[in-house]
Amino acid sequence: MNVSQAISELKSTLSVFTEESIKKKSALLKRIAKSKILLKTDAKLYYETLIFMAAHANNDKAHKEAVAEINRIEIAIAEKEGFLEKVSGSGILNSPVRGAFSYTLVCWLLNNFPDDIYLYSFGNGVHPREIIKNNLFPTEFELSLNEKLTAEKWIEVASGKKNKSEQIQWLISNFNALKCTSLIRDNLFESMQLFIEVKSSNPLFSLAGCKLNKKKFFYHKEELLKKIDFNKIIKEKIKHSKTLNDKEKWHVVNVSRAILLLLNRETDPITYCDTNEKHQLQLVELNRGLSIAFFSAEPSRRLPYESYIGFMMYKNGYPISYGGAWLFGKRALIGINIFEWFRGGESAFLFAQLIRSYHQVFGASYFEVEPYQFGKGNPEGINSGAFWFYYKFGFKPVNLQLKKLAEEEANKIFTVKGYRSSKSTLKAFTKSNIYVQLKNDQITLNPIVFSNYITMQITSQFKGDRQNASAEINTKLNQAGINQRGNKNAYAQWSSLIYFCINLNKLSKKNIRDINQLIVLKEENEFEYVKALVNFNIEPLLKPEFINYYKKKYPNLR
């Protein structure tokens with residue numbers, strides 16, 4: 001058996017925890033440890049396999065063996081000339097990571113790891129000359145008008161620096177000097193299509209070293225959980241959230257940003273989470289070594305009336321999945337992405353724990369999943385039959401015809417031996433969101449409808465003049481006792497919904513107090529805002545014309 005075969009064999013045993021398989025894993029690990037990793041595919045697969053083993057160890061000895069082999073591989077790869085470049089983007093320590101990221105994330109890298117970030121290249125975006133030429137002296141008109149230099153060469157000439165690390169620092173300092181709002185600065189930065197490179201010996205920038213510090217480790221003494229009791233898990237009370245000091249909060253943020261960076265990804269709640277603000281990060285401890293960090297973006301980045309609460313889930317401290325939920329009262333549109341090297345583990349258990357957490361921590365009782373999660377534009381979701389993964393949890397298509405089709409297909413799967421849904425059927429399911437309702441109570445209205453209705457009213461009532469509309473909204477809301485009171489962002493996010501969709505004449509003093517409190521919480525503490533909105537019954541306050549619009553325009557929308 002050569003090293004490639006041994007690695008494949010080890011990979012195939014990961015999800016098995018019999019006494020025989022545990023011995024086999026240990027023997028294969030010792031065999032591979034004596035060999036050289038010759039192929040880049042071997043290196044990546046073996047590295048990811050070792051991370052799975054470290055996070056799912058059956059005892060302390062097995063955990064230490066996996067970690068020791070990770071360290072050996074990292075050193076061996078770094079010492080092999082030119083090999084780090086071959087494994088770029090693999091997440092192996094010291095290997096380069098290249099990608100286009102947000103202005104905020106690049107600033108985070110420069111502020112915390114200035115020696116590890118480099119300007120790499122530009123795509124076909126706006127030339128940096130067009131964005132920062134006004135930072136030059138007026139007498140430098142030749143440089144500001146020069147259209148012959150490529151973006152890379154122009155940066156080199158304008159900065160007077162050949163070092164790529166110094167160039168990115170110069171570029172960011174010039175963006176800092178732009179006189180514009182932070183959102184406009186973000187858009188300008190994105191328009192350049194700048195690609196950076198991160199090369200670091202900091203363990204944070206490796207799949208194996210990017211993890212939380214766990215004092216209590218869960219060891220797998222038995223087989224992985226493949227079959228679960230979803231309803232039982234949902235009802236099991238979450239005992240506590242871990243209280244974090246500022247240092248611990250920043251470590252959670254750093255780990256979560258770094259693991260996504262290694263995959264060329266970002267999410268707004270994690271990128272724009274500011275630990276200097278209170279109530280934007282919460283760490284929940286769960287069963288079997290799982291913990292979930294919930295993130296909220298800073299106030300200026302939050303959604304109007306909805307709340308995008310992102311998450312990062314960890315297994316014995318190792319990041320295992322990420323995603324988020326768009327919450328509006330009891331309603332949640334939810335998405336989860338399990339990291340590739342952790343697939344084949346306890347996926348059903350992870351998803352159940354995620355639903356349990358959003359249900360108990362934030363009060364959501366109705367969950368929807370978008371089609372991408374089970375196959376739309378996602379061939380892997382079709383090939384794996386991901387629709388049935390969700391169906392087992394009680395998720396059904398929102399579309400009534402597809403809901404009936406799913407029931408018929410489920411009956412065939414149950415009664416006809418060897419029956420599998422065709423790809424065309426699985427693709428048909430992706431024409432609808434799917435949902436599950438944990439409690440038989442009233443669902444908060446779909447926020448999409450509010451947004452479309454508000455646009456329609458602005459164009460019909462105010463001829464599209466949003467400045468005029470804003471002035472009228474402020475006047476009427478102030479007369480009703482609803483005002484900013486220092487919560488400018490949240491007021492702007494709620495005011496148009498209140499004016500166009502709520503009957504101001506029906507508001508009681510308690511209604512007004514509740515609405516003002518929601519505006520305060522939306523600005524100051526989004527986690528508490530989500531919980532307060534669950535208990536705020538908006539439906540009786542809505543205008544009849546809005547309700548009629550909802551029923552007529554969206555008769556099949558839940």
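FYI, side chains are in, hydrogens and waters are out, and symmetry mates aren't considered; it's all heavy atoms of this structure.
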Checklist entry - Taking atom NZ of K179 and atom CG of N135, what is their separation to the nearest 0.5 Å? => result 9.5 Å

Next on the checklist: One pair to check against salt bridge (Lys or Arg N to Asp or Glu O under 4.0 Å): D115 and K199. What are the steps and the verdict?
Outcome noted: CA-CA 9 Å; D115 298 328; K199 288 191 293 188; over 6 Å; no

Item to check | Derivation of the ring pair (Phe, Tyr, Trp, His ring centres under 6.0 Å) call for Y358 and F294 | outcome: CA-CA 9 Å; Y358 275 110; F294 290 108; 5.0 Å; yes

Checklist outcome for this item: Of all heavy-atom pairs linking I292 and F311, the shortest is CG2-CB, 3.8 Å

Checklist entry - How about E190 and Y103: does a side-chain donor come under 3.5 Å of a side-chain acceptor? => result no

Next on the checklist: Testing the basics here: between F450 and C501, what is the closest heavy-atom pair and its distance to 0.1 Å?
Outcome noted: CD2-SG, 3.6 Å

Checklist entry - Side chains of K522 and Y529: do they bring a donor and an acceptor to under 3.5 Å? => result no

Item to check | Verdict with reasoning, I454 to V449, per side-chain contact (heavy atoms from CB on, under 4.5 Å) | outcome: CA-CA 8 Å; I454 289 168; V449 183; over 6 Å; no

Next on the checklist: Set out, in order, the CA-CA distance, both residues' side-chain angles and the distance that settles side-chain contact (heavy atoms from CB on, under 4.5 Å) for I172 and F189, then state yes or no.
Outcome noted: CA-CA 9 Å; I172 292 300; F189 189 81; 3.6 Å; yes

Checklist entry - Do Q167 and S159 meet the criterion of a side-chain donor-acceptor pair at a distance under 3.5 Å? => result no

Checklist entry - Could you give the distance from CZ (F395) to CZ (F374), rounded to the nearest 0.5 Å? => result 10.0 Å

Checklist entry - With no hydrogens and no angle check, do the side chains of E368 and N433 hold a donor and an acceptor under 3.5 Å apart? => result yes

Item to check | Check: L204 and I259 side chains under 4.5 Å, non-hydrogen atoms | outcome: no

Compile the donor-acceptor pairs under 3.5 Å between side chains in residues 89-99 and protein atoms, sequence neighbours left out, one pair per line.
residue: S90; atom: OG; partner: V87; partner atom: O; Å: 2.6
residue: S90; atom: OG; partner: I92; partner atom: N; Å: 3.2
residue: S95; atom: OG; partner: I92; partner atom: N; Å: 3.4
residue: S95; atom: OG; partner: I92; partner atom: O; Å: 2.5
residue: R98; atom: NE; partner: E197; partner atom: OE2; Å: 2.7
residue: R98; atom: NH1; partner: E85; partner atom: OE2; Å: 3.1
residue: R98; atom: NH2; partner: E85; partner atom: OE1; Å: 2.8
residue: R98; atom: NH2; partner: E85; partner atom: OE2; Å: 3.2
residue: R98; atom: NH2; partner: E197; partner atom: OE2; Å: 2.8

Item to check | pair F101-N264: side-chain heavy atoms closer than 4.5 Å | outcome: yes

Checklist entry - Is the shortest heavy-atom distance from the side chain of Y550 to the side chain of F546 under 4.5 Å? => result yes

Next on the checklist: Has S256 got a side-chain atom pairing as donor or acceptor with V252's backbone, closer than 3.5 angstrom?
Outcome noted: yes

Checklist outcome for this item: In this structure, CD1 of I270 is separated from CG of L281 (nearest 0.5 Å) by 9.0 Å

Item to check | Flag, side chain of S432 to backbone of V398, donor-acceptor distance under 3.5 Å | outcome: yes

Checklist entry - Would R343 and E380 count as a salt bridge (Lys or Arg N to Asp or Glu O under 4.0 Å) if you check the C-alpha gap in whole Å, the side-chain angles of each, and the deciding distance to 0.1 Å? => result CA-CA 12 Å; R343 293 172 191 171; E380 185 182 345; 3.0 Å; yes

Checklist entry - Mind checking whether V198 and L262 have side chains closer than 4.5 Å, heavy atoms only? => result no

Next on the checklist: Does this structure show an ion pair linking K161 with E156, if we count only N-O contacts that are shorter than 4.0 Å?
Outcome noted: no

Next on the checklist: side-chain contact (heavy atoms from CB on, under 4.5 Å) for K431 and N399? Distances and angles first, verdict last.
Outcome noted: CA-CA 8 Å; K431 294 177 181 178; N399 180 283; over 6 Å; no

Item to check | Y322 side-chain N/O to P319 backbone N/O, donor-acceptor pair under 3.5 Å | outcome: no

Checklist entry - Tell me, do I117 and F113 make a side-chain contact under 4.5 Å, heavy atoms counted? => result no

Checklist entry - Got a donor-acceptor contact below 3.5 angstrom from the S307 side chain to the I309 backbone? => result no

Item to check | Under 3.5 Å: donor-acceptor pair, side chain of R257, backbone of V255 | outcome: no

Checklist entry - In Å, rounded to the nearest 0.5 Å, how long is the span from CD1 of I70 to CD of E48? => result 11.0 Å

Next on the checklist: How close do L426 and I382 get, counting heavy atoms only, and between which atoms?
Outcome noted: CD1-O, 3.4 Å

Item to check | F175 and I132, any side-chain heavy atoms less than 4.5 Å apart | outcome: yes

Checklist entry - Looking only at heavy atoms, what is the nearest atom pair of W170 and S173, with distance? => result O-OG, 2.7 Å

Checklist entry - Going by heavy atoms in the side chains, are F122 and I155 under 4.5 Å from each other? => result yes

Next on the checklist: Could you check whether Y491 and N474, counting side-chain N and O atoms only, form a donor-acceptor pair closer than 3.5 Å?
Outcome noted: yes

Checklist entry - What distance do E472 atom CD and N468 atom CG have between them, rounded to the nearest 0.5 Å? => result 7.5 Å

Item to check | Stepwise side-chain contact (heavy atoms from CB on, under 4.5 Å) check, E266 with L260 | outcome: CA-CA 6 Å; E266 288 185 68; L260 292 180; 5.6 Å; no

Item to check | Residues, nucleotides or ligands: over 12 heavy atoms within 6.0 Å of K376 NZ | outcome: no

Next on the checklist: When you compare the side chain of S291 with that of M312, does any pair of heavy atoms fall below 4.5 Å?
Outcome noted: no

Item to check | Residue K543 excluded, over 12 heavy atoms near NZ under 6.0 Å | outcome: yes

Checklist outcome for this item: So CG of N163 and OG of S165: to nearest 0.5 Å the spacing works out to 5.5 Å

Checklist entry - What orientation do Y366 and Y435 show, parallel under 30°, tilted 30 to 60°, or perpendicular over 60°? => result parallel

Checklist entry - Okay, side chain of T430, backbone of K427: is any donor-acceptor separation there less than 3.5 Å? => result yes

Next on the checklist: Can you list everything that forms a side chain to side chain donor-acceptor pair (under 3.5 Å) with N254? Sequence neighbours excluded, please.
Outcome noted: W108

Next on the checklist: Can you give me the closest heavy-atom contact between R301 and Y272, atom names plus distance?
Outcome noted: CZ-CE2, 3.5 Å

Checklist entry - What do you reckon, are the aromatic ring centroids of F52 and W341 less than 6.0 Å apart? => result no

Checklist entry - Among F536, F362, Y305, Y308, whose ring-ring contact (aromatic ring centres under 6.0 Å, His included) with F328 holds? => result Y305

Checklist entry - Just wondering, are more than 12 heavy atoms of other shown residues or ligands nearer than 6.0 Å to CG in N245? => result yes

Item to check | Donor-acceptor under 3.5 Å (Q493 side chain, R302 main chain) | outcome: yes

Checklist entry - Does the side chain of D116 come under 3.5 Å of the side chain of S200 through a donor N or O and an acceptor N or O? => result yes

Checklist entry - Are F195 and Y120 close enough, and set up right, to give a ring pair (Phe, Tyr, Trp, His ring centres under 6.0 Å), and what steps lead you there? => result CA-CA 5 Å; F195 289 83; Y120 186 70; 7.7 Å; no

Checklist entry - How close do R129 and L143 get, heavy atom to heavy atom, and via which atoms? => result CD-O, 4.0 Å

Checklist entry - Any donor and acceptor pair, going by atom type alone, linking the side chain of Q193 with main-chain N or O of V126 inside 3.5 Å? => result no

Checklist entry - Between N337 (side chain) and G323 (backbone), is there a donor-acceptor pair under 3.5 Å? => result no

Item to check | Any donor-acceptor pair under 3.5 Å from H127 side chain to L149 backbone | outcome: yes

